Amino acid sequence: MAALIASIMWIGGNGSPSWRPGPKTMTGVTSREGVVHNLTEASRAAQSFANRWGLHVGEIMRFTNGYYAQLLDAHGKGATEVLINPSSGLVQPEFGPAMMWNTAYGMMAAGTRPGTPEIGPGQAVRNADRWLSEHHTGLHAAGPDQFPGYYTLHTLRDDHLVGMLSVNASTGAVWYHTWHGRFLHMQQQPGRA
């Protein structure tokens, strides 16, 4: 028993930053705000969550399976994405790219440094369009929103928003956001493009 405790103390106390979450990591973090009835309440819940990291809400969307919000830094750049459960008000980091590819706020944030993406915005759109032509015929990608380590793009049918996908900024891999359900409506926060 003493050896087990000593080994845990050694692992926990060796100062290695590679296994510990960084100061911005949001893994396992949730916030509960109560029932959410509309975009205004979803934005309020997301902002309460964002306040912990000095972030603010950008775009907010309503899908059949819940609400989605972008969280932006003080300069208006994408920081991460969150989901808001309408029945409970639970706010959590979005599944998929926001957790796995985000180099500042996701699970991979510890021990990594955001750098210049190898995949630029134009290539992200081309990768998304190629993937959509193979998997969701009739859809195409809108311009990308950049987050640390990846881009998120709206998917469009006849220039009407229907969903979202993300493209990894290092590998170009595509991750379609299947968890949202059908798009209903959205709003930009005042002062946002």
Side-chain angles (χ1 to χ4, degrees), residues 21-31 39 42-63 66-84 91-110 112-129 131-132 140-156 161-180 183 185-193:
K24 297 180 182 177
T25 302
M26 293 185 176
T27 57
V29 176
T30 60
S31 174
L39 289 171
S43 180
R44 189 175 313 126
Q47 187 57 57
S48 178
F49 182 89
N51 287 341
R52 300 173 187 184
W53 291 273
L55 302 173
H56 63 274
V57 176
E59 172 181 279
I60 188 144
M61 304 170 84
R62 175 69 164 117
F63 291 89
Y67 294 92
Y68 157 92
Q70 293 178 342
L71 301 186
L72 309 175
D73 68 15
H75 305 289
K77 293 182 179 180
T80 194
E81 302 164 285
V82 296
L83 300 174
I84 304 101
V91 180
Q92 65 184 46
E94 184 180 27
F95 315 124
M99 285 186 174
M100 301 305 295
W101 292 346
N102 192 309
T103 57
Y105 295 92
M107 294 174 68
M108 306 312 281
T112 62
R113 300 208 184 279
T116 304
E118 294 179 29
I119 306 295
Q123 185 63 49
V125 172
R126 289 188 293 277
N127 286 16
D129 281 338
W131 189 91
L132 287 167
H140 67 279
D145 291 319
Q146 187 171 359
F147 294 91
Y150 69 102
Y151 301 92
T152 292
L153 302 87
H154 296 163
T155 57
L156 309 171
L161 197 152
V162 295
M164 303 172 85
L165 60 71
S166 295
V167 176
N168 187 294
S170 294
T171 66
V174 173
W175 199 327
Y176 195 78
H177 296 207
T178 58
W179 48 88
H180 290 302
F183 171 76
H185 53 275
M186 69 181 284
Q187 76 179 32
Q188 297 285 341
Q189 295 303 318
R192 301 285 165 237

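Everything numeric here is computed off the predicted structure, so don't read it as measured data.
- Here the CH2-CG distance, from W53 to D73, works out to 15.0 Å after rounding to the nearest 0.5 Å.
- Nearest heavy atom pair, residue V167 against residue G172, reads CG1-O, 3.7 Å.
- Although no hydrogens or angles enter the test, the distance criterion places no donor-acceptor pair under 3.5 Å between the side chain of D129 and the main chain of H140.
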side-chain contact (heavy atoms from CB on, under 4.5 Å) assessment of M186 paired with Y68: CA-CA 9 Å; M186 69 181 284; Y68 157 92; over 6 Å; no
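- For the side chain to side chain contact (heavy atoms under 4.5 Å, CB included) test with E81, the passing option among Y105, F147, F95 is F147; the others fail.
- Separating the CG atom in L153 from the CG atom in D145 is a distance of 7.5 Å, to the nearest 0.5 Å.
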Show your reasoning for whether side-chain contact (heavy atoms from CB on, under 4.5 Å) applies to T155 and L161. CA-CA 6 Å; T155 57; L161 197 152; over 6 Å; no
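- Remark: E94 CD to L83 CG distance equals 4.5 Å, nearest 0.5 Å.
- Closest heavy-atom contact between T80 and A98: OG1-CB, 3.7 Å.
- For the residue pair H177 and S166, the shortest heavy atom distance occurs at NE2-OG, 2.8 Å.
- Contact detail for A46 and V82: the closest heavy-atom pair is CB-CG2, 4.2 Å.
- Results of the side chain to side chain contact (heavy atoms under 4.5 Å, CB included) test with M164 over W179, F63, Y176, F183 single out F63 as the only residue that passes.
- A pairwise comparison of heavy atoms in L39 and Q187 identifies CB-OE1, 3.8 Å as the closest pair.
- In this structure, P144 and V125 have side chains that are in contact, with non-hydrogen atoms separated by less than 4.5 Å.
- Note that CD1 of I119 is 9.5 Å distant from CZ of R126, once rounded to the nearest 0.5 Å.
- Put simply, CG on L71 and CD1 on I60 are 9.0 Å apart, with the number rounded to the nearest 0.5 Å.
- Minimum heavy-atom separation, G78 to L72: CA-CD2, 3.7 Å.
- Tested against W175 for a ring pair (Phe, Tyr, Trp, His ring centres under 6.0 Å), the candidates W101, Y151, W131 yield a single pass: W101.
- With rounding to the nearest 0.5 angstrom, the CD atom of Q70 is 12.0 Å from the CG atom of L55.
- Side-chain atoms of Q47 and R44 include no donor-acceptor pair closer than 3.5 Å.
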